[in-house]
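Labels below follow one simple rule: chain letters A, B, ... track the order of the sequence lines, proteins then strands, and each chain is numbered from 1.
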There are 2 protein chains.
Amino acid sequence: MRKFDDSIPLKLLKAREASMNFFRPVLQEIPLTEQQWRVIRALYEYKELESKQLADLCCILSPSLTGIISRLEQQGYIQRRKSTEDQRRVLISLTQQAIDMFERVSPTLEARYRAMAEQFSDENMELLHDLLNKLCKIKP
Amino acid sequence: MRKFDDSIPLKLLKAREASMNFFRPVLQEIPLTEQQWRVIRALYEYKELESKQLADLCCILSPSLTGIISRLEQQGYIQRRKSTEDQRRVLISLTQQAIDMFERVSPTLEARYRAMAEQFSDENMELLHDLLNKLCKIKP
DNA sequence: TTATTGTCATTAATATATTAACTAAAGTCC
DNA sequence: GGACTTTAGTTAATATATTAATGACAATAA
């Protein structure tokens with residue numbers, strides 16, 4: 001039978017942990033959680049997003065996102081407004097404070113990312129990106 | 001600057017989600033959570049483990065494991081005993097009920113795993129295993 | 001227009017993740 | 001032996017994950 005460690009989901013989890021070890025210390029000093037940073041990073045790039053789009057991009061389920069959003073709002077990092085056309089939709093964007101914080105912190109994280117890529121090798125990096133893209137497309 | 005989607009940690013997360021979609025429905029019918037199954041699977045293979053070893057194998061932090069263990073114990077799936085040499089250590093093992101359940105359910109999960117591997121291709125599977133092993137070894 | 005159906009975000013309930021603090025039991029040094 | 005340090009497991013507090021259910025709004029069909 002297949003051995004315990006011969007499991008793709010488990011290895012994906014462990015590999016993610018290994019990669020996150022490069023970034024966690026930086027985020028802890030801000031302080032921001034991993035998920036909060038993911039949300040902020042998405043909003044920095046897309047400017048304004050609906051809650052559902054944000055959840056999909058960040059791979060966070062809606063009920064979790066509701067809490068993350070409200071905590072980030074309390075910290076002054078994001079603002080929300082209701083869509084004028086569709087009163088159900090909520091549009092979310094970063095505050096200037098968040099933009100400033102992002103631009104201050106991201107160089108450090110980018111440096112950590114390069115350190116990780118260097119240790120892993122750019123070639124493996126590219127290979128892994130491809131494989132993960134393919135894996136994301138499989139459907140049960 | 002690096003784009004939002006060009007992130008290894010995020011892709012590892014999304015790939016893991018895609019792969020777990022093959023197994024979640026099976027586990028939900030037992031019902032067991034993903035983490036509970038990971039613990040049971042490890043114990044089925046290693047027979048008896050200390051809490052710390054189990055945490056390391058399953059990639060679950062000790063405080064989380066404490067809760068998972070106590071819930072599995074309540075459900076009659078595991079039993080614990082104190083080590084005789086070192087009174088700090090707790091040794092955990094499956095009950096017969098859990099062994100029976102495991103042997104009943106695992107064929108279905110193995111079939112799902114083969115379906116996943118087939119869709120992804122065995123070649124990609126092997127390549128991904130290698131890359132993830134390498135990635136697990138990097139240190140900040 | 002009304003009744004039906006579907007969608008978006010949230011709430012509720014439970015399980016897990018994360019960091020810090022704590023307890024009990026070993027191990028170490030003197 | 002006694003003070004110090006370390007280790008295994010747990011508890012505490014907060015954040016997130018997961019599924020089900022809800023409320024408000026929108027789209028659609030009769």
Side-chain angles (χ1 to χ4, degrees), chain A residues 9-10 12-14 16-17 20-21 23-40 48-75 77-78 80-92, chain B residues 9-10 12-14 16-17 20-21 23-40 48-75 77-78 80-92:
Chain A
L10 180 58
L12 288 167
L13 183 61
K14 292 196 171 183
R16 184 164 201 281
E17 279 306 301
M20 283 308 298
N21 286 336
F23 311 111
R24 249 190 267 278
V26 182
L27 295 178
Q28 278 180 308
E29 285 197 352
I30 303 179
L32 283 177
T33 68
E34 192 182 317
Q35 292 87 341
Q36 288 172 335
W37 179 255
R38 227 184 305 154
V39 165
I40 289 173
E48 190 172 58
L49 286 169
E50 294 175 16
S51 183
K52 193 173 189 184
Q53 298 175 304
L54 193 53
D56 192 50
L57 280 169
C58 296
C59 207
I60 292 174
L61 295 177
S62 294
S64 299
L65 191 56
T66 296
I68 295 170
I69 291 303
S70 72
R71 279 179 287 272
L72 283 175
E73 194 177 26
Q74 281 184 351
Q75 296 175 270
Y77 285 132
I78 66 167
R80 39 175 146 187
R81 65 181 185 88
K82 285 215 166 188
S83 165
T84 48
E85 316 95 58
D86 189 336
Q87 289 294 102
R88 292 169 304 181
R89 290 175 159 78
V90 179
L91 294 169
I92 304 163
Chain B
L10 180 58
L12 288 167
L13 183 62
K14 291 196 171 183
R16 181 163 204 282
E17 278 306 301
M20 282 308 299
N21 286 337
F23 311 111
R24 247 191 268 279
V26 182
L27 294 178
Q28 279 179 309
E29 285 197 352
I30 304 179
L32 283 176
T33 68
E34 195 182 314
Q35 293 87 340
Q36 289 172 335
W37 180 254
R38 229 184 303 155
V39 166
I40 288 173
E48 190 172 55
L49 287 169
E50 292 174 17
S51 183
K52 193 173 190 184
Q53 299 174 305
L54 193 54
D56 192 50
L57 279 169
C58 296
C59 206
I60 293 174
L61 295 176
S62 293
S64 298
L65 191 57
T66 295
I68 295 170
I69 290 302
S70 72
R71 278 179 288 273
L72 283 175
E73 195 177 25
Q74 282 183 351
Q75 296 176 267
Y77 285 133
I78 67 167
R80 37 175 146 188
R81 65 182 186 89
K82 283 215 167 189
S83 164
T84 49
E85 316 95 58
D86 189 335
Q87 290 294 102
R88 291 170 305 181
R89 289 176 159 77
V90 180
L91 294 169
I92 304 163

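For A:K82 against A:Q87, the heavy-atom pair with the smallest separation is NZ-O, 3.4 Å. Across every non-hydrogen atom of B:R16 and A:L13, the tightest pair is NE-CB, 3.6 Å.
Taking only side-chain nitrogens and oxygens, B:Q28 comes nearer than 4.0 Å to OP1 or OP2 of D:dT19. Side-chain N/O atoms of A:R88 include none lying less than 4.0 angstrom from OP1 or OP2 on C:dG6. When the side-chain nitrogen and oxygen atoms of B:T66 are compared with OP1 and OP2 of D:dT11, none of them lie within a distance under 4.0 Å. Taking only side-chain nitrogens and oxygens, B:S64 never comes nearer than 4.0 Å to OP1 or OP2 of C:dT16. In terms of phosphate contacts, B:S62 brings no side-chain nitrogen or oxygen within less than 4.0 Å of OP1 or OP2 of D:dT10. The side chain of B:R89 contributes no N or O atom lying less than 4.0 Å from OP1 or OP2 of C:dA24. Distances shorter than 4.0 Å separate some side-chain N or O of A:Q35 from OP1 or OP2 on D:dA17.
Both B:E34 and A:V90 sit near DNA chain C, but only A:V90 has its closest nucleotide nearer the 5' end. For the pair B:R80 and A:R71, both in contact range of DNA chain D, the more 5′-proximal nearest nucleotide belongs to B:R80.
Residue B:R38 is classed as having no contact, given no heavy-atom separation below 4.0 Å to the nucleic acid. B:S51 comes within 4.0 angstrom of the backbone, heavy atoms only, and of no base. In this structure, A:E85 reaches the sugar-phosphate backbone alone: every heavy-atom distance under 4.0 Å involves primed, P, OP1 or OP2 atoms, never a base.
For B:L61, the listed nucleotide lying nearest its side chain is C:dT18; candidates were C:dA12, C:dT18, C:dT16. With C:dT16, C:dT19, D:dG9 as the candidates, the nucleotide lying closest to the side chain of B:I68 is C:dT16. Here the side chain of A:D86 is nearest to one of C:dT18, D:dA26, C:dA25, namely D:dA26. Among the nucleotides C:dA15, C:dT18, D:dA26, the one closest to any side-chain atom of A:Q87 is D:dA26.
Protein atom CH2 of A:W37 is 19 Å distant from nucleotide atom P of D:dA15, rounded to whole Å. If you take CG of B:L91 and C1' of D:dG9, they are 12 Å apart, rounded to a whole angstrom.
Test B:L91, B:L57, B:D56, B:V39 against B:L49 for side chain to side chain contact (heavy atoms under 4.5 Å, CB included) and you get one pass: B:L57. Under the side chain to side chain contact (heavy atoms under 4.5 Å, CB included) rule, B:Q35 has a single partner from B:L65, B:I68, B:I40, which is B:I68.
Under the 4.0 Å criterion applied to side-chain N and carboxylate O atoms, A:R24 and A:E17 are assigned as salt-bridge partners.
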